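First the structure, in the form of structure tokens, and then the observations on it.
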Amino acid sequence: MRILPALTRAAALGAATILAATALTGCGGDDTSSDATANPYGLTQAGVLRAGTLTDAPPNVYLKDGKFTGFDNDLLTAVAGKLGLKVEFVGTDFSALLSQVNNRKFDVGSSSITITEARKKTVDFGNGYDFGYFGLDVPAGSPITNFDQLTGKRVVVVQGTVQDDYATGKQLNPVRVPDYNGAINQLKAGTADAWIAPAEIGEKSAADSSGKITVAAKQLSPAPTAFAVAKGSDKLREALNKGLDEVIADGTWSRLQSQYYPGRPIPADFKPGSGTVAVPAAPSASASASAAS
């Protein structure tokens, strides 16, 4: 007589356990679906694109009046706007940027990052959005006029850049510094004979040096620049590519080119983004300046 109630209680307990497990499984599934909907790109914070960038590399990426700006950062802000995202910029050193992106300290890296095969081992890249030149900055009065005269000279580069790769490949034994201000200060102090720089940054630095630095030469960089994301961040990378094509199509890319690089010719074979979008003509420099003011 006592066995049946015991069995009944056991059966009831087992059924309750199954129901509870089923309920928990169902809740977990709902949360996952909800997270995917609220944060489809797997960002550190839903709705916010956390971007690692630099503070000292005008006109590409820099701080002005406490605000991150420059061609790359303004372009990223416009791209993020197409995706309904707000951008949160954080300053860092270039030498650490790619590993910080892949470790997901940042959702994206924005710093005129040239696409290279070596860097593809650390991060994934979106479509190219800009081209660039290597610039050769020297102290005023220097006899150096081209890249072929650097052997045996004290050449400074920012660590981890493609300019660092170039100097190392040419066996120049470069002096590596963590940021652009460090390179500029070496030229001003006369402790370096030359600085291999991104040309646009080198030209701006020379213009702001009160005549202490001049641009001796420049040459086209071999690869485009792009935004970097962590390995495997395919949804974010694809979304950034889509947003980039949209800001190319609506004229934002051309306007920013004219604003930050007035008069710089665009190579005939360079196609920004996917290469399938028509690029509107850039506005005049005066019109772009008025729009930016």
Side-chain angles (χ1 to χ4, degrees), residues 50-63 68 70-73 75-76 89-126 128-137 147 150 153-187 191-205 213 218-233 237 240:
R50 185 174 170 85
T53 188
L54 308 188
T55 62
D56 63 345
N60 300 33
V61 285
Y62 61 103
L63 272 174
F68 285 96
F71 175 80
D72 300 70
N73 288 343
L75 182 67
L76 181 61
F89 289 106
V90 181
T92 188
D93 290 335
F94 188 85
S95 59
L97 177 57
L98 296 187
S99 61
Q100 289 171 333
V101 168
N102 200 44
N103 292 336
R104 299 182 186 274
K105 178 176 181 179
F106 304 124
D107 300 308
V108 63
S110 170
S111 184
S112 291
I113 307 169
T114 301
I115 301 172
T116 68
E117 291 303 316
R119 289 173 177 174
K120 287 180 181 178
K121 296 176 182 178
T122 302
V123 295
D124 287 341
F125 288 100
Y129 60 76
D130 200 17
F131 58 95
Y133 291 84
F134 288 173
L136 183 60
D137 279 31
F147 289 86
L150 297 180
K153 303 297 184 182
R154 186 175 171 86
V155 179
V156 64
V157 295
V158 174
Q159 183 176 356
T161 61
V162 288
Q163 292 79 33
D164 184 352
D165 294 342
Y166 173 87
T168 301
K170 294 291 186 179
Q171 299 182 336
L172 297 177
N173 191 25
V175 176
R176 297 177 177 87
V177 293
D179 54 39
Y180 292 103
N181 282 331
I184 294 166
N185 290 336
Q186 290 232 8
L187 285 186
T191 53
D193 298 311
W195 168 32
I196 302 176
E200 296 80 14
I201 296 171
E203 289 170 349
K204 182 70 166 60
S205 300
I213 299 172
K218 68 178 184 178
Q219 63 185 40
L220 188 64
S221 178
T225 61
F227 298 122
V229 298
K231 299 290 287 185
S233 299
R237 177 179 54 79
L240 291 173

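Not measured: the values here are computed from a predicted model.
- Annotation: side chain of Tyr166 is not in contact with side chain of Val155 (no heavy-atom distance under 4.5 Å).
- The CG atom of Asp193 sits 13.5 Å away from the CG atom of Asp137 when rounded to the nearest 0.5 Å.
- Taking CG of Leu75 as the start and OG1 of Thr225 as the end, the distance is 9.0 Å to the nearest 0.5 Å.
- In this structure the side chain of Thr168 reaches within 4.5 angstrom of the side chain of Arg176, judged on heavy atoms.
- A pairwise comparison of heavy atoms in Pro174 and Val157 identifies CB-CG2, 3.8 Å as the closest pair.
- Between the side chain of Lys231 and the backbone N or O of Lys120, at least one donor-acceptor pair lies under 3.5 Å.
- In this structure the side chain of Val162 reaches within 4.5 angstrom of the side chain of Arg119, judged on heavy atoms.
- Summarising the geometry, atom CG belonging to Leu97 is positioned 8.5 Å from atom OG belonging to Ser110; distances are rounded to the nearest 0.5 Å.
- In this structure, Lys105 NZ and Asn103 CG are separated by 9.5 Å, a value rounded to the nearest 0.5 Å.
- Across all their heavy atoms, Pro224 and Gly128 have their closest contact at CB-CA, 4.1 Å.
- Separating the CZ atom in Phe106 from the CG atom in Leu98 is a distance of 11.0 Å, to the nearest 0.5 Å.
- Asp179 has its side chain out of reach of Phe94: every pair of non-hydrogen atoms, C-beta onward, lies at least 4.5 Å apart.
- In this structure, CD1 on Ile184 lies 9.0 Å from CD1 on Ile201, to the nearest 0.5 angstrom.
- Each of Asn181, Leu63, Val61 was checked for a side-chain contact (heavy atoms from CB on, under 4.5 Å) with Asp56, and the lone residue meeting it is Asn181.
- Counting only heavy atoms from C-beta outward, the side chains of Lys170 and Leu150 never approach each other to under 4.5 Å.
- Closest non-hydrogen pair, Phe134 versus Ala199, comes out as C-CB, 3.9 Å.
- More than 12 heavy-atom neighbours from other residues, nucleotides or ligands sit within 6.0 angstrom of NZ on Lys218.
- In this structure, Asn60 contributes its side chain and Phe71 its backbone to no donor-acceptor pair below 3.5 Å.
- Looking at every heavy atom in both residues, Ala51 comes nearest to Leu76 through CB-CD2, 3.7 Å.
- Side-chain N or O atoms of Asp164 include none that pairs as donor or acceptor with a backbone N or O of Gln159 at under 3.5 Å.
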- Task: Take Tyr180 and Thr161, measure what side-chain contact (heavy atoms from CB on, under 4.5 Å) needs, and give me the verdict at the end.
- Result: CA-CA 11 Å; Tyr180 292 103; Thr161 61; 4.2 Å; yes

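- Side chain of Thr114 to backbone of Ala223: no donor-acceptor contact under 3.5 angstrom is found.
- Nearest heavy-atom pair across Val123 and Ala228 is CG2-CB, 3.9 Å.
- Side chains of Tyr129 and Asp72 form a contact here, defined as non-hydrogen atoms less than 4.5 Å apart.
- Side chains of Ser205 and Trp195 form a contact here, defined as non-hydrogen atoms less than 4.5 Å apart.
- The two residues Ala192 and Leu187 make their nearest non-hydrogen contact at O-CD2, 3.7 Å.
- Taking the side chain as every heavy atom from C-beta outward, Ile196 and Leu136 approach each other to under 4.5 Å.
- The closest donor-acceptor contact from the side chain of Asn73 to the backbone of Phe68 lies at 3.5 Å or more, if one exists at all.
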